[in-house]
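First the structure, then my questions, so here it is.
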Amino acid sequence: MKLLLLLLITVGWFLLPFIPSVRELLRPTDTEPLRVVSRESSAISFFANNFRRYFLSQADQFDFSTIRDFEPATFPDGTPFVRVQGQGTFPLTNNPSESMVDYLVIAGEDTVFPEDTAFLREIYGVKSVKGARNSIYRAILAEEDLLVPEECIILRWAHAVHSFDVGENTRLHGRASAEKNLRLASGVLFEWIAAPVISIGHVEEVNDVKKDDSRLTPFEFKDMIKMTKGGDTYRSVGDLNIPNRSLVTGSLVIKGDLDIGEETVVRGNLKCDGKISIGDGCAVEGSIVTRSALHIGEKCAIKGPIISEEEVTVATGSVIGMDKGKTTISAPNVYLHNGVVIKGMVVAQREGKTV
Amino acid sequence: MEKILIISLYVVITIIILYTIRHYLFAFNRLFSKPRQPYVDIGAADWPSVTIFVPCHNEQAVIADMLENLLRVDYPRDKFLIVPINDRSKDNTQAILEDYAANYPDLIKPVHRKKGIAGKAAALREVSPLFDTEIHLVFDADYLPGRGLIKQLVAPFFDPEVGAVMGRVVPHNVNHSLLTRLLDLERSGGYQVDQQARMNLNMVPQFGGTVGGVRASALKQIGGWRNDTLAEDTDITMKMILNGWQVVYQNRSECYEEVPESWFARMRQIRRWATGHNQALAKYFIPMVRQFGKFPFFTVIDGLMLLGVYLMSLLLVIGWGLSLTLFYMGASIGTGILIILAVSTYNTFGNFATFFEVASATRLDRTESRILLVPFLSLCFLVSLLTVAVATIKQIITAPFDSTLKWQKTQRFRNGNGNGNGNGNGNGNGNGHSNGNGNGRLIEEPTRGYAYNFLYVNGRTVPEHIFNHDRL
C-alpha cells in the first residue's frame with residue numbers, strides 16, 4: 001500500500017508540469033507562426049506610405065465640405081482630426097496650459113504652426129509643411145518640402161516627398177527621410193536617416209570624387225596571405241599602416257588596427273577587427289567593416305557600405321556613397337561633421353549626431 | 001571491469017557536463033546581452049549579383065509558393081537569378097518550373113537533372129559552378145522568403161571575410177499538431193539562442209544549407225559543395241572555418257519553412273542529419289584540433305563541440321546503460337558531495353539544458369503560451385535520442401566513413417495530404433498579392449508601429465509578419 005502510494009505520488013509529481021501543457025495542447029492559445037520582421041520596413045518611406053494609405057482611405061469616406069478650417073472633426077474610424085491652412089487657432093487638449101494638439105492635422109499650404117506645442121497625432125501636409133520651433137511632433141508626412149526648425153522633437157518618423165530641412169538641436173527619433181534632399185543642421189540627434197542626398201550643415205558643391213592614380217605608389221602586400229587562390233583579398237594578423245598616397249588594389253582583412261595614410265586610394269574592401277583610421281583625402285571604392293571604431297578623415301570619398309560595431313566619425317567634406325550607387329552607414333554611434341554628404345542612409349542604433 | 005565502467009561513466013558525464021555548460025552559457029548570453037547583428041541594417045548599397053538555388057525533388061506541393069515569394073523579393077532585377085534544380089522529380093515539378101521559366105525567362109532558369117548522384121549536395125555541386133554570380137543563396141523548396149530577405153542575406157558579404165551566411169528558420173505550419181508545435185519550440189531554441197549566441201561570442205555559427213548563402217569565390221576555394229555527404233551544410237561550415245572564412249548568423253533574417261508533420265518524417269529527417277553530421281565529425285575533427293593556437297581557443301572548442309553534437313545521444317544512452325549496470329553491480333561510483341552533484345547534474349539538468357534554451361528562446365521571441373508545451377519536449381527529446389543513437393550505432397558498425405550514403409528527402413505536407421496540389425499556378429500574376437495595404441491604421445503600435453506584409457501560400461495571400469523591434 002505504501003509502495004503504491006509512493007508510486008502514485010511520484011507519478012503525480014512527475015506529471016505536475018504537464019497539467020498546463022495538456023491544457024495548452026487541448027485548448028491551444030498560441031499556435032500562430034512566429035511573426036517575422038518585415039524587411040520592407042527598411043524602405044525609406046515605409047511608415048509614410050502606410051500612413052498615406054490610411055489617411056487616403058479615411059479621407060475618401062469623408063465630406064470635407066461639411067467642416068471649416070481649424071474645426072475639430074472625426075474620421076469614419078473615430079480618429080479626431082482638424083484641417084488647417086494659413087493662420088488660425090489650433091484646438092488644444094482640455095488642459096490648454098499644456099499646449100497639446102490631440103488631433104490628426106491635415107495641413108494645407110502656408111499653415112502657420114504654433115511654437116512650443118506638442119502634436120500628439122500625425123500631421124499630413126498636403127503640400128509643404130513648415131513646423132515651428134521648440135515643438136514636439138509625433139510624425140509628419142509632407143507631400144512636398146518639410147521644415148522642422150531648431151529645438152524640435154520628432155517622436156516617430158518624418159518624411160518629405162521633396163526636401164526636408166532640420167534645424168539645430170532637433171531630435172529625430174525613429175526615421176527621418178526625404179525622397180530628394182535631407183539637410184541637417186548641427187547638433188541634430190538622429191536614429192535612422194535616409195535620402196538620395198543627405199547633407200550636414202554647409203556643403204560645398206559635391207561631385208562623385210575621382211582620384212588620379214598616376215601620383216600614387218602601389219601598395220605591396222608584404223607578409224600578407226591571400227585568402228583565395230587567384231583572388232585579391234589579403235589577410236594580415238597584426239596592425240597595418242598604409243603610407244600616404246598609396247594605391248591598394250585588393251581587399252584587406254586586418255586582425256589588428258588599420259591606419260591609412262592621406263590621399264590613399266583603396267580599390268577593394270576593408271575589414272578590420274581593430275580600429276580603422278582613414279587619412280584626409282582618401283578614397284575607398286568598396287565597403288569598410290570594423291568591429292571597433294572608424295574615423296574617416298576630411299574630404300574622403302567612400303563608395304561602399306560602412307559597418308562599425310562601435311562608432312563611425314566622418315570628418316568635414318567627406319562624401320559617402322555615389323549618385324548611382326547609394327550606400328549605408330550602420331553603427332551604434334555615428335558622428336557626422338559639418339560639410340559631410342551621404343548618398344543613401346545612416347542607421348545609428350544608439351546615437352547619431354551632427355557635429 | 002568495474003573500474004573501467006566507472007571511468008567510462010565519468011568520461012561520459014564530463015562530456016555531457018561540458019555540453020550542459022555550453023547550453024547554459026548560450027542561453028544566459030542571449031538573455032543578458034544584445035544580439036550582434038552588424039550587417040542587418042544595410043538597406044542601401046550597390047548590391048552584388050546573386051543566384052538563388054532551389055533544389056527540388058517532387059516538390060509540386062510547395063514549389064509554386066516558393067517561386068511566387070521569390071518573384072516578389074526586393075532586389076535589383078538585373079542582379080538576381082532564380083535557379084530551381086529539379087532533381088529527377090516524378091511528379092508535376094518539372095511542368096511547374098517550365099511554366100514559370102516561360103513567364104519569367106530572365107529571372108527563372110530551371111535546371112533538370114536526369115542522372116548523376118541524387119541529393120541536394122550533389123545537385124548543388126553540379127549546378128552551382130554553371131552560374132558565376134558573386135553570391136550563391138540556397139533555399140529549400142518548402143520555404144517562404146519575405147520581401148526583404150535576399151538583401152538581408154547578401155548584406156554580410158560586404159564584409160570581405162565572410163564566406164557564408166545563415167538566416168533564421170521559422171516553422172509556418174505550427175498549428176498542425178503537437179509535433180509541429182514542438183518542432184517550432186526546438187527551432188526557436190536552436191536559432192534564437194544557439195546560433196545567435198555563437199554569433200555574439202565569436203564562435204562558430206552553423207551554415208544550415210538553406211535560408212543562407214555562400215560567397216562563390218570562397219566556395220570555389222574550399223572545393224565547392226561535396227556530393228559525398230548527407231550534411232553539406234556542416235561540411236561547408238567546417239571547410240569555411242578551416243580556410244579562414246567567417247560564417248555569420250543573422251537572427252533577423254527570418255524565413256518560414258514547413259516542418260515535418262508526421263513522426264516518421266521527423267525521424268527520417270533527424271536520421272539524415274545525424275548521419276551527415278557524423279560524417280563531418282569523422283572528416284573534420286582532427287583538422288579542427290590542429291587549429292588550436294591558430295584560431296581563438298573558444299572558436300576551436302565550439303567547432304569541436306558542434307561536430308560532436310550528434311554523438312551526444314549515443315553518449316547519453318551509453319551513460320544510462322553504465323549507470324544502471326553499475327547500480328545493479330552494487331558498485332560505488334565515488335564519494336563526496338561533488339560526485340553526487342556531478343552525477344545528479346548529468347541525470348537531471350544536463351539532459352534538460354536544451355529545454356532551458358528553448359524556454360529562453362520563447363521569452364526572447366515574446367511568445368506567450370507556447371512555453372507551456374516545454375514539458376512535452378521530453379517526448380521529442382526521447383524520439384530524437386533513440387533515432388540518433390540508433391543511426392549513429394548503425395553508422396559506426398556498418399559504414400563509419402561511407403561516402404555513398406543515400407539521400408532521403410523530407411516529405412512535404414502542404415495542403416495537409418503530404419502530396420500537395422500540383423496545380424503550379426503557372427502565370428504568376430493576378431493573384432491579388434499586395435504589400436502593406438488595406439489594413440487600416442498601421443502606425444499606432446506603442447513601440448515603433450507595425451505594418452503587415454504578405455506571403456503567398458496555397459494560392460492566397462496571408463499576413464506575413466508585424467514589424468516589431470522589441471522582439472529582436
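We name chains A, B, ... by the order of the sequence lines, and we start the count at 1 in each one.
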_Crowding at CZ, A:Arg171 (>12 non-hydrogen neighbours, <6.0 Å)_ = no

*For chain B, find which of A:Gly286, A:Gly304, A:Ser330 contributes the most heavy-atom pairs closer than 4.5 angstrom.*
A:Ser330

*Considering only NZ, NE, NH1 and NH2 on the basic side and carboxylate oxygens on the acidic side, decide whether A:Glu309 and B:Arg36 come within less than 4.0 Å.*
yes

*asked:* With chain B as the partner, which of A:Pro33, A:Ser287, A:Ala194 has the greatest number of non-hydrogen pairs under 4.5 Å?
replied: A:Pro33

*asked:* Between A:Leu252 and chain B, with a heavy-atom cut-off of 4.5 Å, which part of the residue counts as in contact: side chain, backbone, both or neither?
replied: backbone

*Could you tell me which of A:Arg291, A:Gln58, A:His173 has the largest number of non-hydrogen atom pairs under 4.5 Å with chain B?*
A:Arg291

_A:Val237 portion near chain B, given a 4.5 angstrom heavy-atom threshold_ =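 Contact with chain B involves no heavy atom of A:Val237 at all.
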
*asked:* At a 4.5 Å cut-off on heavy atoms, which part of B:Pro171 comes close to chain A: side chain, backbone, both, or neither?
replied: backbone

*Might you work through the side chain to side chain contact (heavy atoms under 4.5 Å, CB included) test for B:Val162 and B:Trp245, ending with a clear yes or no?*
CA-CA 6 Å; B:Val162 170; B:Trp245 294 99; over 6 Å; no

*Counting only heavy atoms closer than 4.5 Å, note whether A:Leu25 contacts chain B via side chain, backbone, both or neither.*
both

*Non-hydrogen atoms of chain A under 4.5 Å away: do they reach the side chain of B:Ser378, the backbone, both or neither?*
side chain

*asked:* For chain B, which candidate among A:Ala331, A:Pro305, A:Ser308 shows the most heavy-atom pairs at distances under 4.5 Å?
replied: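 That would be A:Pro305.
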
*With respect to chain B, which residue among A:Val253, A:Leu270, A:Ile306, A:Thr29 yields the maximal number of heavy-atom pairs within a distance under 4.5 Å?*
A:Val253

*Pair A:Arg235 + A:Asp223: basic N to acidic O under 4.0 Å*: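 No.
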
Using a 3.5 Å cut-off and no angle test, enumerate the donor-acceptor pairs between side-chain atoms of residues 177-186 of chain B and protein atoms at least two apart in sequence or in another chain.
{"residue": "B:Ser177", "atom": "OG", "partner": "B:Leu179", "partner atom": "N", "Å": "3.4"}
{"residue": "B:Ser177", "atom": "OG", "partner": "B:Thr180", "partner atom": "N", "Å": "3.4"}
{"residue": "B:Thr180", "atom": "OG1", "partner": "B:Asn173", "partner atom": "O", "Å": "3.3"}
{"residue": "B:Thr180", "atom": "OG1", "partner": "B:Val174", "partner atom": "O", "Å": "2.7"}
{"residue": "B:Thr180", "atom": "OG1", "partner": "B:His176", "partner atom": "N", "Å": "3.4"}
{"residue": "B:Thr180", "atom": "OG1", "partner": "B:Ser177", "partner atom": "N", "Å": "2.9"}
{"residue": "B:Thr180", "atom": "OG1", "partner": "B:Ser177", "partner atom": "O", "Å": "2.8"}
{"residue": "B:Arg181", "atom": "NH1", "partner": "A:Glu24", "partner atom": "O", "Å": "3.3"}
{"residue": "B:Arg181", "atom": "NH2", "partner": "A:Glu24", "partner atom": "OE2", "Å": "2.4"}
{"residue": "B:Asp184", "atom": "OD2", "partner": "B:Arg370", "partner atom": "NH1", "Å": "2.5"}
{"residue": "B:Glu186", "atom": "OE1", "partner": "B:Arg266", "partner atom": "NH2", "Å": "2.6"}

*Does A:Tyr124 have any side-chain hydrogen bond (donor to acceptor under 3.5 Å, both in side chains) partners at least two apart in sequence or in another chain, and if so, which?*
A:Glu143

*Kindly indicate whether a cation-pi arrangement holds for A:Arg175 with A:Trp157, taking the cut-offs as under 6.0 Å to the six-membered ring centre and within 45° of the axis.*
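No, a cation-pi geometry is absent between A:Arg175 and A:Trp157.
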
